[in-house]
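Counting starts at 1 for both ligands and their atoms, following the listed order. As a basis for the values below, the full set of heavy atoms in this structure was taken, side chains included, without hydrogen atoms, waters or symmetry mates.
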Amino acid sequence: MNYETIITETKGKVILLMLNRPDQLNALNAELIDELGDAIKNAENNENISAIIITGNDKAFAAGADIKEMKDKSFASSYMENFISRWEAITFCRKPIIAAVAGYALGGGCELAMMCDFILAAESAKFGQPEIKLGIIPGAGGTQRLSRFVGKSKAMEMILTGRMMDADEAERCGLVSRVIKDEELISESIKTATDIANLSSPSVFLAKDSVNYAYNSALSQGVEYERKLFYSTFSLNDQKEGMEAFIEKRKPNFKNC
Ligand code: CAA
């Protein structure tokens with residue numbers, strides 16, 4: 001599939017989706033969001049792909065929703081069009097999605113990264129929700145997801161002031177899972193995605209589902225939900241294979257069933 005605003009590259013069972021509007025710091029316009037959604041849907045339907053990486057370039061993961069495109073919107077047009085709902089495609093994907101972030105991840109860029117399953121950050125990464133400086137507020141989940149990642153105090157400070165945080169601060173407060181040297185970001189992300197892709201896909205899907213449930217439920221409901229999913233994994237051939245392989249001291253050969 002040919003896209004105008006993203007580049008796709010397959011590495012074994014992993015697909016890299018590279019945001020590609022470098023002149024605009026990968027500002028997220030409607031075309032890019034639609035193409036990204038389409039590429040994610042295609043990856044989800046492609047049985048040869050088991051993990052997805054979304055990345056940008058050295059300078060920017062994405063500097064936010066496209067301000068030039070949004071400038072003339074009205075309440076009525078944006079409400080009726082509900083343009084942010086298009087962004088949600090990524091959150092419906094059951095395959096694991098890693099955000100590999102170098103440079104700016106601001107506004108919608110930070111929100112896009114937070115929609116992924118986890119964030120690997122290059123040392124150069126800078127995260128922020130600067131919408132307040134434009135006279136608006138975050139609109140693609142920033143007030144909700146950032147608060148859950150970093151807690152109220154830091155989320156409130158970031159969102160009310162628009163200040164950016166660097167990769168170290170983002171790791172300290174739990175926004176990113178790891179910080180990696182810039183030159184190793186892509187290779188390390190591919191390695192991590194490949195490690196996941198080589199596991200039992202049904203178990204990976206269930207694990208992702210269960211972690212996500214933690215954000216939508218009370219603890220007792222979540223623990224109960226996890227327990228049922230855990231029991232369900234005993235219906236998988238991959239569970240028998242994984243445990244037999246452990247006992248026989250060999251590598252498992254998962255068949256994704
Ligand atoms: N939308 C549209 N264009 C953008 C953009 C954005 N979010 N961010 C950067 N650009 C464009 C600039 O307009 C500029 O284009 P031109 O050369 O055509 O003028 C180009 O990218 C390079 O940007 P700068 O010259 O500004 O680069 P810089 O290195 O001096 O500064 C920056 C980098 C600090 C990231 C600065 O570009 C910036 O502050 N960008 C805007 C960040 C922002 O406010 N993001 C939130 C957007 S609103 C949102 O995302 C809503 C939501 O929640 C859904």
Side-chain angles (χ1 to χ4, degrees), residues 3-7 17-37 40 54-93 97 99-116 119 121-150 152 154-170 175-176 182 185 215:
Y3 296 115
E4 295 294 322
T5 60
I6 61 172
I7 298 170
L17 307 179
M18 288 168 276
L19 312 183
N20 188 36
R21 297 186 72 212
D23 296 346
Q24 301 297 306
L25 302 184
N26 291 335
L28 302 163
N29 63 0
E31 186 181 19
L32 190 154
I33 289 295
D34 287 348
E35 290 190 346
L36 185 63
I40 289 169
I54 300 179
T55 194
N57 55 47
D58 295 352
K59 182 143 193 222
F61 176 75
D66 190 317
I67 298 166
K68 292 157 192 160
E69 196 180 65
M70 283 187 300
K71 182 175 87 56
D72 294 323
K73 286 190 188 296
S74 65
F75 166 71
S77 69
S78 47
Y79 182 67
M80 296 313 288
E81 182 197 357
N82 197 9
F83 72 101
I84 294 294
S85 65
R86 288 160 147 160
W87 292 48
E88 282 167 3
I90 180 172
T91 63
F92 298 130
C93 180
I97 307 183
V101 174
Y104 297 112
L106 302 178
C110 187
E111 291 168 312
L112 176 64
M114 290 191 291
M115 286 180 205
C116 296
I119 303 173
E123 287 172 343
S124 66
K126 288 185 194 66
F127 299 88
Q129 298 287 166
E131 288 89 341
I132 203 79
K133 295 179 177 173
L134 299 170
I136 58 170
I137 69 167
T143 61
Q144 305 304 300
R145 291 198 178 89
L146 190 63
S147 309
R148 283 167 167 79
F149 275 108
V150 307
K152 178 181 169 185
K154 194 176 284 278
M156 203 60 108
E157 188 212 343
M158 303 282 300
I159 290 167
L160 295 189
T161 66
R163 95 165 162 87
M164 292 184 216
M165 67 164 102
D166 65 16
D168 283 340
E169 183 179 357
L175 177 58
V176 311
D182 277 64
L185 177 69
Y215 290 93

Under 4.0 Å from any heavy atom of [X], which atoms of ligand 1 are there?
{"X": "L134", "result": "44 (O), 47 (C), 48 (S)"}
{"X": "E131", "result": "48 (S), 49 (C), 50 (O), 51 (C), 52 (C), 53 (O)"}
{"X": "D66", "result": "1 (N), 2 (C)"}
{"X": "P130", "result": "43 (C), 44 (O), 45 (N)"}
{"X": "K68", "result": "3 (N), 11 (C), 12 (C), 13 (O), 15 (O), 16 (P), 18 (O)"}
{"X": "E111", "result": "52 (C), 53 (O), 54 (C)"}

Say whether [X] and ligand 1 are in contact under the criterion: heavy-atom distance to a ligand atom below 4.0 Å.
{"X": "P138", "value": "yes"}
{"X": "M70", "value": "yes"}
{"X": "K133", "value": "no"}

Do me a favour and list the nearest non-hydrogen protein atom to [atom] with residue, atom name and distance?
{"atom": "atom 29 (O) of ligand 1", "value": "K59 NZ, 2.9 Å"}
{"atom": "atom 38 (C) of ligand 1", "value": "L106 CD1, 4.8 Å"}
{"atom": "atom 8 (N) of ligand 1", "value": "A63 CB, 3.5 Å"}
{"atom": "atom 5 (C) of ligand 1", "value": "A27 CB, 4.0 Å"}
{"atom": "atom 4 (C) of ligand 1", "value": "Q24 O, 3.9 Å"}
{"atom": "atom 20 (C) of ligand 1", "value": "D23 O, 3.2 Å"}
{"atom": "atom 1 (N) of ligand 1", "value": "I67 N, 2.9 Å"}

For the side chain of [X] and the backbone of [Y], is there at least one donor-acceptor N/O pair under 3.5 Å apart?
{"X": "D66", "Y": "A27", "value": "no"}
{"X": "T161", "Y": "E157", "value": "yes"}
{"X": "T55", "Y": "M18", "value": "no"}
{"X": "E111", "Y": "A140", "value": "yes"}
{"X": "S147", "Y": "A155", "value": "no"}
{"X": "E69", "Y": "A30", "value": "yes"}
{"X": "E131", "Y": "G139", "value": "no"}
{"X": "N26", "Y": "R21", "value": "yes"}

Side-chain touch Y104/M164, heavy atoms, less than 4.5 angstrom: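 Answer yes - side chains close enough.
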
Check: M114 and L175 side chains under 4.5 Å, non-hydrogen atoms: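 Contact flag for L175/M114 side chains = yes.
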
Trace of the side-chain contact (heavy atoms from CB on, under 4.5 Å) decision for L36 with L28: CA-CA 10 Å; L36 185 63; L28 302 163; 5.8 Å; no

May I ask you to check whether [X] has an N/O atom sitting below 3.5 Å from an N/O atom of ligand 1?
{"X": "G108", "answer": "yes"}
{"X": "M164", "answer": "no"}
{"X": "Q129", "answer": "no"}
{"X": "G139", "answer": "yes"}
{"X": "W87", "answer": "no"}

I6 CD1 to L19 CG distance, which is reported to the nearest 0.5 Å: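 I6 atom CD1 to L19 atom CG measures 7.5 Å (nearest 0.5 Å).
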
Reported NZ-to-CE distance for the pair K154 and M165, which is rounded to 0.5 angstrom: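 K154 atom NZ to M165 atom CE measures 5.5 Å (nearest 0.5 Å).
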
Shortest reach to atom 7 (N) of ligand 1 by a heavy atom, considering only G128, A62, A65: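 Answer by nearest heavy atom: A65.
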
Of the listed options I132, L112, L25, closest to atom 9 (C) of ligand 1 (non-hydrogen atoms):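 Looking at heavy atoms only, the winner is L25.
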
Steps toward side-chain contact (heavy atoms from CB on, under 4.5 Å) verdict (V176, V101): CA-CA 9 Å; V176 311; V101 174; over 6 Å; no

Heavy-atom distance from [atom] to the protein below 4.0 Å?
{"atom": "atom 26 (O) of ligand 1", "value": "no"}
{"atom": "atom 36 (C) of ligand 1", "value": "no"}
{"atom": "atom 15 (O) of ligand 1", "value": "yes"}
{"atom": "atom 23 (O) of ligand 1", "value": "yes"}

Steps toward side-chain contact (heavy atoms from CB on, under 4.5 Å) verdict (I40, F92): CA-CA 9 Å; I40 289 169; F92 298 130; over 6 Å; no

Any donor-acceptor N or O pair under 3.5 Å, side chains E31, T5: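 E31 vs T5: no donor-acceptor pair found between side chains.
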
